[in-house]
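To start, the structure itself, in structure tokens.
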Amino acid sequence: MLESGCKAVKEGVLEKRSDGLLQLWKKKRCILTEEGLLLIPPKHPPPQQQQQQPAPPAEPAAKIKELHFSNMKTVDCVERKGKYVYFTVVMAEGKEIDFRCAQEQGWNAAITLQMVQYKNRQAILAVRSTRQKQQHLAAPHGPRLRGASNSA
């Protein structure tokens, strides 16, 4: 996402619940962009540095997870408990990813806002595309219909 020129809207640390049996909370360095959320292991170099230097063999580039808004369904705020806000990102295929952060960080609100803005931009592009197709289809037929009625 950053490689495609998206600017970072918010950066910081989120804790993600692991999928394993123990479901431990693991810290991830996160970059929220206009396109989605990047999850980076804490010891991994930032994406900008990767282009200049190869990633160390111990931390392959595949470790960076991209949660693109096109694949995201909702962000559910599950609970505010103690100093943490717990929330779940629900992906389009039904996968749920649990996160937590300090209440004052507002990650769940920032992710939700960016996702809504992304979906709105996509909806506007879809409407424009549909209108352009309709105008394109109507344009060749318009003059012929008028011409046919004049000659009759």
Hey, what do you get for [atom1] ([X]) to [atom2] ([Y]), rounding to the nearest 0.5 Å?
X: K26; Y: D19; atom1: NZ; atom2: CG; answer: 9.0 Å
X: I64; Y: L38; atom1: CD1; atom2: CG; answer: 7.0 Å
X: E66; Y: I40; atom1: CD; atom2: CD1; answer: 9.5 Å
X: K81; Y: K83; atom1: NZ; atom2: NZ; answer: 14.0 Å
X: K133; Y: Q135; atom1: NZ; atom2: CD; answer: 13.0 Å
X: K28; Y: L39; atom1: NZ; atom2: CG; answer: 7.0 Å

> For K73, does the NZ atom have more than 12 heavy-atom neighbours from other residues, nucleotides or ligands under 6.0 Å away?
Replying inline: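 Not buried by this count: 12 neighbours or fewer within 6.0 Å.
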
Residues 91-100 side chain polar contacts: donor-acceptor under 3.5 Å, at least two apart:
residue: D98; atom: OD1; partner: T88; partner atom: OG1; Å: 2.8
residue: D98; atom: OD2; partner: R17; partner atom: NE; Å: 3.3
residue: D98; atom: OD2; partner: R17; partner atom: NH2; Å: 3.2
residue: R100; atom: NE; partner: E15; partner atom: OE1; Å: 3.1
residue: R100; atom: NH1; partner: Y86; partner atom: OH; Å: 3.4
residue: R100; atom: NH2; partner: E15; partner atom: OE1; Å: 2.9

>> For L21, give me all partners under side chain to side chain contact (heavy atoms under 4.5 Å, CB included), at least two apart in sequence or on another chain.
In response: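 None.
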
Using modelled atom types and a 3.5 Å cut-off, is there a donor and acceptor pairing between side-chain atoms of [X] and backbone atoms of [Y]?
X: T33; Y: E35; answer: yes
X: R29; Y: P42; answer: yes
X: Q103; Y: G82; answer: yes

>> Which residue is it: L37, I111, V90? I am looking for the one with a side chain to side chain contact (heavy atoms under 4.5 Å, CB included) to V75.
In response: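 Per the side chain to side chain contact (heavy atoms under 4.5 Å, CB included) rule, the option paired with V75 is I111, out of L37, I111, V90.
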
> If you group Ile, Leu, Val, Met, Phe, Trp and Tyr whenever their side-chain heavy atoms sit less than 4.5 Å apart, what else falls in with L24?
Replying inline: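 When side chains under 4.5 Å apart are linked, the cluster holding L24 also contains L22.
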
>> Through direct or indirect side-chain contacts below 4.5 angstrom among Ile, Leu, Val, Met, Phe, Trp and Tyr, which residues connect to V13?
In response: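 Once heavy-atom contacts under 4.5 Å are chained together, V13 still belongs with nothing else.
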
Counting only pairs under 3.5 Å, give me each side-chain donor-acceptor contact of residues 116-126, with atom names and distances, residues two or more places apart or in other chains.
residue: Q117; atom: OE1; partner: Q114; partner atom: NE2; Å: 3.4
residue: K119; atom: NZ; partner: F69; partner atom: O; Å: 3.1
residue: K119; atom: NZ; partner: M72; partner atom: O; Å: 2.8
residue: R121; atom: NH2; partner: E34; partner atom: O; Å: 2.8

>> Once side chain to side chain donor-acceptor pair (under 3.5 Å) is applied, do any residues pair with S18, and if so which ones, sequence neighbours excluded?
In response: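 Partners of S18 by the side chain to side chain donor-acceptor pair (under 3.5 Å) criterion come out as none, since no residue qualifies.
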
> Which atom names give the shortest non-hydrogen contact between W107 and C101, and what distance separates them?
Replying inline: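 What the structure gives for the nearest pair is CB-SG, 3.8 Å.
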
> Which heavy atom of A8 sits nearest a heavy atom of I31, and at what distance?
Replying inline: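 Shortest heavy-atom separation between A8 and I31 comes out as CB-CG2, 3.7 Å.
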
